[in-house]
Amino acid sequence: MNAEEVFSHFSRIFKLIFKQGFSANTLHRMKKGEAINTKTLDALCYALDCDVSDIIEFVKE
């Protein structure tokens, strides 16, 4: 990653934590692929202006 990409990455994280009210713990769980609740998923879709299907995919095992 170059400096501009790093800044952009941290800028997005900053916006989610401080402007949208996501906790650092929630972002950590998402990054690790751990469970989040539907309220968090709804808030994430609202913050990113997207649908649930843009964020998650169901894979039948």
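The structure displayed is predicted, hence computed values, not measured ones.
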What residues form a side-chain contact (heavy atoms from CB on, under 4.5 Å) with Asp54, not counting sequence neighbours? Cys50, Asp51
Under the rule for side-chain contact (heavy atoms from CB on, under 4.5 Å), what residues qualify as partners of Glu57, not counting sequence neighbours? Val59
Over 12 non-hydrogen atoms of neighbours within 6.0 angstrom of CG in Asn25: yes
Show me, pair by pair, the donor-acceptor contacts under 3.5 angstrom made by side chains of residues 35-45, not counting sequence neighbours?
from: Asn37; atom 1: OD1; to: Lys39; atom 2: N; distance (Å): 3.1
from: Asn37; atom 1: OD1; to: Thr40; atom 2: N; distance (Å): 2.7
from: Asn37; atom 1: OD1; to: Thr40; atom 2: OG1; distance (Å): 2.9

